[in-house]
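Below is one structure, written out as structure tokens, with a few remarks after it.
Since we're looking at a predicted model, the values are computed, not measured. In what follows, chains carry the letters A, B, and so on, assigned in the order in which the sequence lines appear, proteins first and then strands, with residues in each chain numbered from 1.
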Number of protein chains: 2
Amino acid sequence: MARRRQSVTIKHVAADAGVSLQTVSRVINNEPNVRPAMKERVQASIDKLGYVPSIAAQRMSGSRSYLILALNDRERTIAEWTAREGGDWVDQMLLGGMLKAAEHGYRMLIELVDTHDDHIERELGAALSALHPDGVVLTPPHSENPQIIGLLAEHGIRFARIGSKADGPGIALTMDDEGSAADATRHLVELGHKRIGFIAGPEEYSLSDWRIDGWRAAMDEAGLPTDGLCRRGDFGYDSGVRAARELLALDRRPTAIIASSDHMTLATLETARESGLDVPRDLSLISFDNTPIVRFTNPRLTAIDQPIAATIARAVELLIDRDAEPPAQPVTISGELRIRQSTAAPLSDD
Amino acid sequence: MARRRQSVTIKHVAADAGVSLQTVSRVINNEPNVRPAMKERVQASIDKLGYVPSIAAQRMSGSRSYLILALNDRERTIAEWTAREGGDWVDQMLLGGMLKAAEHGYRMLIELVDTHDDHIERELGAALSALHPDGVVLTPPHSENPQIIGLLAEHGIRFARIGSKADGPGIALTMDDEGSAADATRHLVELGHKRIGFIAGPEEYSLSDWRIDGWRAAMDEAGLPTDGLCRRGDFGYDSGVRAARELLALDRRPTAIIASSDHMTLATLETARESGLDVPRDLSLISFDNTPIVRFTNPRLTAIDQPIAATIARAVELLIDRDAEPPAQPVTISGELRIRQSTAAPLSDD
DNA sequence: CTGAAAGCGCTAACAA
DNA sequence: TTGTTAGCGCTTTCAG
């Protein structure tokens with residue numbers, strides 16, 4: 001029976017190489033003040049014995065924990081997983097964050113936290129005390145939650161705020177919601193659309209408003225009116241139906257709609273169909289998410305690809321590099337418009 | 001600036017409660033030999049101070065690490081994440097495993113490992129040495145990889161093999177592939193189908209063959225022939241197209257097909273359509289995956305819901321409960337057939 | 001039933 | 001440039 005103790009420890013390496021523990025430690029951590037010959041000898045022993053430092057022991061001695069904690073909204077995440085309708089936010093997070101973390105010898109751990117919870121501090125505090133992560137990635141709607149931010153700052157833990165431009169502690173990163181919304185709008189303008197509706201996300205997410213700003217800016221730029229063409233949803237299907245019904249019932253209904261989530265876009269697609277409208281002939285549609293869903297609708301949806309993986313990867317990178325000065329300005333990773341089949345020139349050009 | 005050291009330690013609690021460290025430790029670990037009054041007093045201090053033990057320190061002193069490692073195939077997983085086509089295996093793993101682990105104060109960490117790699121031992125060994133997980137969940141095709149199993153056994157780490165019935169160390173769990181395939185087949189038989197084709201998965205996965213067995217058994221039971229009605233794919237789309245073409249080109253083509261993955265089912269759907277066949281009028285179709293894809297095809301696909309979350313949850317539970325005798329027989333969690341729109345009675349009843 | 005001492009594997013601080 | 005010492009927070013002996 002194997003023992004629970006670590007098989008190969010720093011002691012074994014030190015003994016094998018005939019040096020002190022400290023020297024081995026220096027080699028492991030790539031510290032200066034080790035003669036090349038020495039370093040080589042130690043490295044040889046490390047390789048020979050297949051030694052890998054224990055993260056727990058490293059943490060214990062006041063060094064890093066090599067752990068990055070990614071915080072997601074519990075309710076929304078579980079709902080997505082249970083529904084199995086193609087939401088792949090967590091997968092994209094892992095794709096970007098986990099792989100980038102691994103490059104640096106770090107691991108990324110997912111933690112679900114209720115935003116609307118009274119004991120959020122206790123919950124998150126427990127995770128921090130138990131794990132002592134070297135960095136935390138906050139995703140909306142946690143990114144601007146003052147309790148979370150306060151707690152993290154208090155613990156002196158580095159953290160990144162995805163989808164936040166606010167000042168304050170932590171590194172702010174955005175996916176250029178404003179620019180993406182403007183891009184999508186311009187694409188429709190170029191196709192000849194004049195009445196472009198917008199279905200926004202909930203106010204709880206500040207990125208909801210940035211998207212409205214982008215749409216409005218591009219409309220202004222083209223000299224087009226926006227009055228009455230914006231509705232708000234909660235990212236969910238039902239709210240999308242409501243918003244779409246209202247927009248399509250307008251006297252002069254929009255010939256194109258941009259919706260701030262895949263589910264709201266899907267809802268708009270179905271609602272349009274029920275009203276006898278063909279997409280893209282009678283109505284052009286752009287989704288503000290490039291989740292799996294957009295590939296399986298008919299027609300396939302033109303969508304803004306939000307660079308989730310790239311953004312999380314960047315966040316992890318910034319979190320890990322402790323020497324670098326954290327960026328003073330919000331970091332922006334821009335998305336791209338993926339043109340598919342749901343956008344076309346409007347029928348008449350009134 | 002906050003300090004890197006743990007804010008509230010066992011010492012603080014001991015001091016606050018006026019007892020020894022050891023007593024606090026006993027209370028934390030719910031050990032016997034503590035008087036109720038004492039226990040209560042200590043617990044009060046713990047609550048008051050918001051104390052949570054450091055996992056690293058617990059690990060260091062030879063106790064548990066409260067970590068479960070879930071091993072997935074690197075190549076396949078990254079391909080799924082990158083394609084964004086609705087594969088949600090990892091999400092289901094997290095849904096089942098992470099939540100169950102959390103119930104017991106454990107965390108689940110995902111690790112990607114190449115099966116076809118020469119240095120798989122080094123790679124996995126490094127993860128084990130660094131993390132010292134209390135348990136490991138192996139998913140196909142890792143579940144029967146002798147190198148992995150050997151290494152785990154050697155390290156004395158408990159592990160679960162998902163999708164494996166083989167004897168040997170570790171806990172074997174299956175999703176009743178045979179039974180599910182038989183169920184699906186019977187459903188088609190009851191609808192009146194007599195020629196039911198089967199598109200199997202690659203031999204590398206032993207569950208591929210169990211599914212064939214189930215299909216064959218149900219066909220035998222109904223007195224129906226299976227000769228020439230089985231083709232093999234690799235779970236991917238292209239292989240599904242090939243298999244479907246062959247089956248549909250048969251002299252007396254099948255009136256129904258069961259495919260062993262969502263992508264192969266999708267491929268069959270498209271191939272049938274190209275041949276001018278309507279699903280389900282001319283061809284009934286059952287998918288062996290209930291991933292998001294099946295909800296977005298037209299028609300929506302009847303599918304076998306594999307209880308991934310439930311199975312992983314069970315695995316984690318068995319891994320965590322160290323006192324319980326590990327099950328001698330493979331644990332089976334059965335899936336269910338979700339009947340949607342892709343199955344119907346055959347046209348003629350020849 | 002409770003406490004004191006020793007040590008897990010590693011690194012920070014200091015010494016040589 | 002290298003080695004020695006002390007200690008991180010906790011649990012395991014072993015005494016009381």
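Residue B:T9 has no polar side-chain atom (N or O) positioned under 4.0 Å from OP1 or OP2 of D:dG9. For the OP1/OP2 pair of C:dT2 and a distance below 4.0 Å, the side-chain nitrogens and oxygens of B:N33 include no atom meeting the criterion. Contact check, A:S20 against D:dT4: no side-chain N or O comes under 4.0 Å of OP1 or OP2. Put simply, A:R26 has no side-chain N or O that comes within less than 4.0 Å of OP1 or OP2 on C:dT11. At the phosphate of C:dG3, OP1 or OP2 sits under 4.0 Å from a side-chain N or O atom of B:T23.
Nucleotide D:dG9 holds its C1' atom 11 Å from the NE2 atom of B:H12, rounded to whole Å. One interatomic measurement links the two molecules: CD1 of A:I28 to P of C:dG9, which rounds to 13 Å at whole-angstrom precision. The CZ-C1' distance, from B:R64 to D:dG9, rounds to 17 Å in whole Å. Counting to the nearest Å, the C1' atom of D:dT11 and the CG atom of B:N29 are 8 Å from each other. Counting to the nearest Å, the P atom of D:dG9 and the CD1 atom of B:I46 are 16 Å from each other. Rounded to whole Å, atom P of D:dG3 lies 14 Å from atom CD of A:E31. What separates CE of A:M38 from C1' of D:dT2 is a distance of 9 Å, to the nearest Å. At whole-Å resolution of the value, CD1 in A:I10 and C1' in D:dT4 are 14 Å apart.
The CD1 atom of A:I149 sits 13.5 Å away from atom CD of A:E154, with the distance rounded to the nearest 0.5 Å. Rounding to the nearest 0.5 Å places CG of A:N145 at 9.5 Å from CD of A:E204. Considering CD1 of A:I157 and CG of A:L69, their distance stands at 8.5 Å, rounded to 0.5 Å.
With hydrogens and angles left out, the side chain of B:R59 and the base of D:dG9 share no donor-acceptor pair within 3.5 Å.
Between B:E123 and B:R74, at least one side-chain N (NZ, or NE/NH1/NH2) sits under 4.0 Å from a carboxylate O, which counts as a salt bridge. Classification of B:R158 and B:D134 as a salt-bridged pair fails, no side-chain N sitting under 4.0 Å from a carboxylate O.
In this structure, of D:dT12, C:dC10, D:dG3, it is C:dC10 that holds the atom nearest to the side chain of A:S61.
Within 4.0 Å of A:Q22, counting heavy atoms only, lies at least one base atom of the nucleic acid. Within 4.0 Å (heavy atoms only), A:V24 reaches no atom of the nucleic acid at all.
Where A:Y66 and A:K11 each meet DNA chain C at their nearest nucleotide, the meeting point lying more 5' is that of A:K11.
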